[in-house]
Amino acid sequence: MNRPPATRIEEFIGRLRGGERFALARAITLVETGAATAVTVLNAIQSGVGNARVIGFTGAPGVGKSTLINAYIRVLRQRGQTVAVAAVDPSSPISGGAILGDRVRMGEHGGDDGVFIRSISSRGHLGGLSATTAQVVDLMDAAGWDRVVIETVGTGQSEVEIARLADVSVVVCAPGFGDDIQAIKAGILEIADVLVVNKADQAFAEQTCQQLKSMLGLRTAACDAVPVLATVATTGQDVDRLASAIDARYREHPSDHHTRETRRTRALIVHAVCREMHRRLADEHGDKLDDLCVRVSCGELNVDDAVGVLLAALDRS
Amino acid sequence: MAEATGSDHRSPIRVLVTKIGLDGHDRGSLVVAAHLRDAGMEVVYTPPWQEISAVVKLALEEDIHVIGLSCLATDHLLVPKLMDALREAGLKHVPVVVGGIVPDEDEAILLAAGVRRVFHPGASLQAITDTITGLAETAFSADDLR
Amino acid sequence: MTQKTAIEPPASSQPGYDLWRRDYERQLADPRPVTNRSGIEIKPLYIPADWDSQRYAADLGFPGQPPMTRGIYPSMYRGRIWSQRQLVGLGTPEHYNRRLRRLIDAGVTAISLIPCNSVYRGYDIDEVDPLLVGTCGTTVNTIEDMESCFDNIDIGRISTAMNDPLPFTLLALLLGVARRRGIAWRYITGTSNQSDYISHFVANHMFVRLALPGARRVLVDHIAFCTEQVPNWNPLSVVGQHMQQAGATPAQAMAFTLCTAILYVEDCLNRNLDPEQFLPRFTFFFDISISFFEEIAKFRAGRRLWQKIVRERFGVNSSRARRFKFHAQTSGVDLTRQQPLNNIARVTAQAMAGIFGGLQSLHTDAYDEVLSTPTESAAQIAVATQNILRGEAHLTDVIDPLAGSYYVETLTNQMEEHIESIIGQIDDAGGMFKAVEQGLVQRMINESSREFQRRVENAEQLVVGVNAYQVEEEQAVRRPLERPDPECIGAQVNRLSRFKAGRDQNQVGKALDRLAAAANRPDANVFAAVVDAVIDGVTHGEAVACLRRELGFGEPLIVA
């Protein structure tokens with residue numbers, strides 16, 4: 001791919017930092033596709049990163065997460081803050097394609113220039129989805145957005161990882177009994193800074209809040225502070241309380257910002273290493289790779305053996 | 001088929017499938033969206049009833065390669081307005097295709113407004129996929145910093 | 001899915017069977033199994049062993065008697081022919097009124113009111129792009145508009161089917177007009193079509209939406225209000241048509257419709273409404289695809305299942321409460337843009353399936369619907385199709401004429417079994433409300449719709465002119481488009497602003513406050529508040545906006 005001339009890139013970075021929407025959109029594309037220019041852009045904006053507050057929302061499909069984020073954005077907008085959203089959707093493991101549909105609804109904020117929404121598919125990213133997401137968050141941050149919201153479907157490990165990129169993580173669930181809320185127990189409750197029982201106008205909402213509180217009570221003292229809120233996203237009921245709770249959590253944990261910084265840097269390094277490994281594999285060991293493919297597919301070697309051979313080759317070069 | 005692993009630094013095709021105006025019949029747009037996904041594309045899929053301004057904003061923020069509109073109940077009459085709005089937003093480079101119930105007389109109007117292709121009932125999914133792939137490959141380059 | 005209820009007969013009991021089977025297989029060019037749209041495998045021949053005629057009394061019985069398989073009325077079409085409802089939707093209220101008066105002068109007593117898409121979506125016409133106003137229906141926003149629609153028409157003597165999604169502002173406006181004219185509400189008859197909010201969430205069509213819990217409540221308010229105050233009005237039409245249009249198989253569409261009806265009955269019972277009063281007013285609305293025998297079996301099975309559900313689940317035994325009254329429309333999905341006149345043949349086959357299925361009311365599609373909003377000449381052919389089937393073809397001489405056919409009875413049993421298994425799936429998911437809220441129903445429909453498309457693309461499902469028998473067609477200019485005159489629409493928008501400016505603003509403000517308060521008070525009846533509000537001058541769009549604000553907007557759930 002042809003790299004644009006350096007002056008073009010510099011001018012582009014200026015527009016990005018100046019808050020031009022197209023520049024941000026295109027910069028995200030560069031990061032997502034692993035374009036060479038992305039590294040230059042990311043390096044250049046590092047000094048401008050760290051002003052946005054990053055809020056993660058995670059929760060199973062059907063809990064009304066998108067509608068809740070929509071309502072949360074409404075509150076932030078009323079408070080005069082601008083919001084950028086990175087909505088992460090799963091992609092098909094077979095085709096790599098994705099339907100990016102379970103996203104914040106555009107209807108309401110469709111005409112609002114104070115809101116920027118970008119869908120990210122979870123397809124094979126260099127260095128993992130969390131690295132890409134961290135970079136997207138950095139771009140949004142550097143482009144001057146006050147709040148950055150990360151939306152993920154809370155079902156797997158990578159989602160937990162992404163949620164950890166946030167200053168404040170909100171875990172959303174819907175009213176249910178027993179098994180219904182078991183789903184959020186495994187791993188995901190631990191990352192919650194704020195817990196929300198959405199659809200609080202439905203049956204069992206009160207009981208679900210109680211159950212979550214007792215589940216939290218069983219955990220470490222640090223969890224004691226995790227507020228459990230009930231909201232009705234469709235009508236916006238108590239979403240302002242949620243916004244205030246998020247702000248309060250942010251103030252309670254000033255160190256979180258530093259933690260995010262560290263996590264982000266870590267993700268960046270991992271990303272860079274993966275990139276370099278990829279390049280070296282392709283450029284220096286392409287023939288070896290082809291050869292190994294044949295040997296694995298005819299059963300002579302297994303995949304682990306092949307990895308060992310390649311790592312050894314990389315060590316030597 | 002678009003490369004899905006990202007290992008060759010080529011972006012998968014990002015296509016916006018949406019409906020403007022008042023109608024919500026979305027069987028066609030859902031079937032098309034699923035087929036494009038299976039062909040390796042990233043499909044930004046919206047609920048029906050989008051405002052024109054919302055479609056423009058979406059195309060811009062999502063850095064869309066091709067826009068596909070589904071129109072079944074006279075909402076295609078708004079498409080020329082959408083084309084104007086895309087031009088005003090500096091998105092003239094994003095090709096637009098329309099599928100659905102579009103009378104012949106109106107098809108000419110849409111093509112004159114800059115729509116690249118109109119698909120009628122009975123169009124095959126493969127033809128739609130091929131057209132979108134062709135348009136994306138000629139119209140889009142990630143390194144174009146504009 | 002494939003079901004097999006038929007027992008292979010022993011050769012001895014059916015002389016000649018083995019010989020036939022051998023000769024048949026020898027002649028068979030294509031040994032692939034044949035399945036219908038619902039996934040039931042269809043045998044090449046049905047014989048007495050497939051259907052146990054000893055079960056006649058239990059499975060069929062007589063028309064008007066449980067299990068209702070043969071029809072819901074004793075005399076069926078001999079006594080009362082199906083009603084022929086064609087949609088009337090024309091630009092402004094004045095246009096509509098003129099067309100209506102011509103129809104009434106011609107002796108029509110059952111009419112329909114199709115509002116403009118903007119009304120469906122819950123807006124007044126000044127809230128949407130003028131290009132889209134009045135292209136598909138009449139613009140009714142205010143009590144004045146409704147007055148004009150029914151100017152010089154005695155609304156106490158006609159039956160009006162209104163496409164009126166919740167919060168049912170059109171009925172509210174009609175009741176307002178009745179009040180102004182001093183006509184008691186018990187004389188107002190007709191049906192609230194499109195009252196089935198569940199169907200609007202399953203298939204994203206074009207209807208106004210409140211968030212599901214609010215929608216659920218407002219529908220029951222509406223049924224409760226009508227039961228008490230407008231007793232001759234049918235407040236509910238449960239719609240399977242949207243689901244089948246969206247891609248559900250015929251069996252799925254029937255199953256989801258019955259599940260929806262179950263939900264509504266449960267909600268009405270929870271409100272302490274009397275099932276003997278509200279059940280006879282339940283009506284259903286279905287799509288008729290071109291899968292001829294499958295559709296006939298779908299309707300016969302659905303009729304039998306509904307009476308059983310009402311008796312077994314709700315303990316209601318009267319025949320009247322167990323009648324499965326339904327309207328049906330020929331499916332637009334089967335129509336093709338290629339060689340459009342072929343659609344007349346398709347509509348004929350579809351309509352016949354509906355008639356043999358025992359419908360109460362029929363809409364036949366115009367052949368050019370796939371090209372644009374139907375033209376008047378195409379609409380006339382659609383009406384003539386019904387007249388020919390009714391008057392010339394002798395289809396109506398015999399009640400349920402296909403009963404006793406080994407195939408039709410076997411297929412009816414298989415469809416019933418299949419429909420029941422889908423109902424079981426929805427029950428297991430916690431009922432229709434939950435299944436829709438969680439996207440289960442939408443997912444099932446999407447899978448079916450993709451499977452159908454796959455069959456068309458692979459020419460496993462033949463479509464004349466699309467994947468077979470294509471001919472070079474001249475790109476002829478088909479006919480001029482019939483679009484509303486922009487000047488008329490402009491005048492209508494001006495009229496709306498004059499109406500809004502001329503109201504007692506104080507009264508309107510208070511009416512909206514009362515509507516909002518009702519929405520927030522669980523013991524209030526929201527529909528009653530809508531009626532009061534429109535009488536006080538609140539417009540359709542204002543009432544809907546208020547309820548959207550208070551009860552939330554029903555975001556579509558995208559399941560892809």
Side-chain angles (χ1 to χ4, degrees), chain B residues 17-38 42-53 70-82 99-109 118-129, chain C residues 116-121 123 128-136 200 203-207 209 242 245-248 332-333 335-338 368-373 442 445-447 449-450 452-454 456-457 463 465-467 470 475-481 483 555-560:
Chain B
V17 176
T18 188
K19 285 176 71 71
I20 55 177
L22 298 169
D23 175 44
H25 288 82
D26 60 359
R27 175 179 181 168
S29 58
L30 278 167
V31 167
V32 168
H35 194 262
L36 298 177
R37 173 196 60 200
D38 292 347
E42 288 183 2
V43 184
V44 175
Y45 187 88
T46 76
W49 317 311
Q50 298 298 318
E51 296 283 341
I52 284 176
S53 61
S70 164
C71 303
L72 285 97
T74 70
D75 297 302
H76 64 272
L77 296 171
L78 295 180
V79 172
K81 290 190 179 179
L82 171 69
I101 296 183
V102 178
D104 294 342
E105 297 86 331
D106 291 344
E107 177 172 354
I109 298 170
V118 176
F119 295 102
H120 298 287
S124 85
L125 291 172
Q126 200 50 51
I128 296 171
T129 308
Chain C
C116 163
N117 288 354
S118 62
V119 176
Y120 277 145
R121 292 276 297 116
Y123 300 116
V128 300
D129 196 300
L131 281 175
L132 302 181
V133 172
T135 53
C136 295
H200 303 158
N204 286 320
H205 288 171
M206 52 175 87
F207 302 102
R209 316 152 74 99
H242 296 325
Q245 288 274 301
V333 173
L335 307 187
T336 67
R337 183 173 196 274
Q338 293 79 0
D368 60 355
E369 214 171 74
V370 72
L371 305 170
S372 71
T373 311
Q442 294 91 320
I445 290 177
N446 287 352
E447 277 164 18
S449 122
R450 293 188 64 196
F452 183 76
Q453 187 63 30
R454 192 193 61 75
V456 172
E457 300 254 326
V463 185
V466 173
N467 60 19
Q470 291 107 320
Q475 196 71 344
V477 174
R478 289 188 170 87
R479 70 250 171 275
L481 288 170
R483 292 262 161 75
E555 290 287 357
L557 178 62
I558 302 299
V559 181

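The sequence lines fix the lettering, A, B, ..., with proteins before strands; numbering per chain opens at 1.
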Evaluation steps, side-chain contact (heavy atoms from CB on, under 4.5 Å), between C:Leu131 and B:Lys81: CA-CA 11 Å; C:Leu131 281 175; B:Lys81 290 190 179 179; 3.9 Å; yes

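- Between the NE2 atom in C:His242 and the NE2 atom in B:His25 there is a gap of 7.0 Å [rounded to 0.5 Å].
- Looking at residues two or more places apart in sequence or on another chain, you find a side chain to side chain contact (heavy atoms under 4.5 Å, CB included) between B:Val32 and B:Leu36, B:Leu125, B:Ile128.
- Considering NE2 of B:His35 and CD of C:Glu457, their distance stands at 6.0 Å, rounded to 0.5 Å.
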Residue pair C:Arg337, B:Val102: steps toward the side-chain contact (heavy atoms from CB on, under 4.5 Å) verdict: CA-CA 10 Å; C:Arg337 183 173 196 274; B:Val102 178; over 6 Å; no

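- With C:Arg121 contributing its side chain and B:Asp23 its backbone, the two residues share no donor-acceptor pair below 3.5 Å.
- Evaluation of the side chain to side chain contact (heavy atoms under 4.5 Å, CB included) rule for B:Ser70 yields B:Lys19, B:Ser29, B:Leu72 as partners, not counting sequence neighbours.
- Contact count versus chain B (heavy atoms, under 4.5 Å) is highest, among C:Leu335, C:Leu132, C:Val333, for C:Leu132.
- Contacts of C:Thr336 with chain B are absent, with no heavy-atom separation under 4.5 Å from either backbone or side chain.
- For C:Val370, the parts lying under 4.5 angstrom from a heavy atom of chain B are both the backbone and the side chain.
- The CZ atom of B:Arg27 sits 12.5 Å away from atom CZ of C:Arg450, with the distance rounded to the nearest 0.5 Å.
- Listed options B:Gly28, B:Pro121, B:Ala123 were ranked by heavy-atom pairs under 4.5 angstrom with chain C; first place goes to B:Pro121.
- Between atom CG of residue C:Asp129 and atom CD1 of residue B:Ile52 there is a gap of 6.5 Å, rounded to the nearest 0.5 Å.
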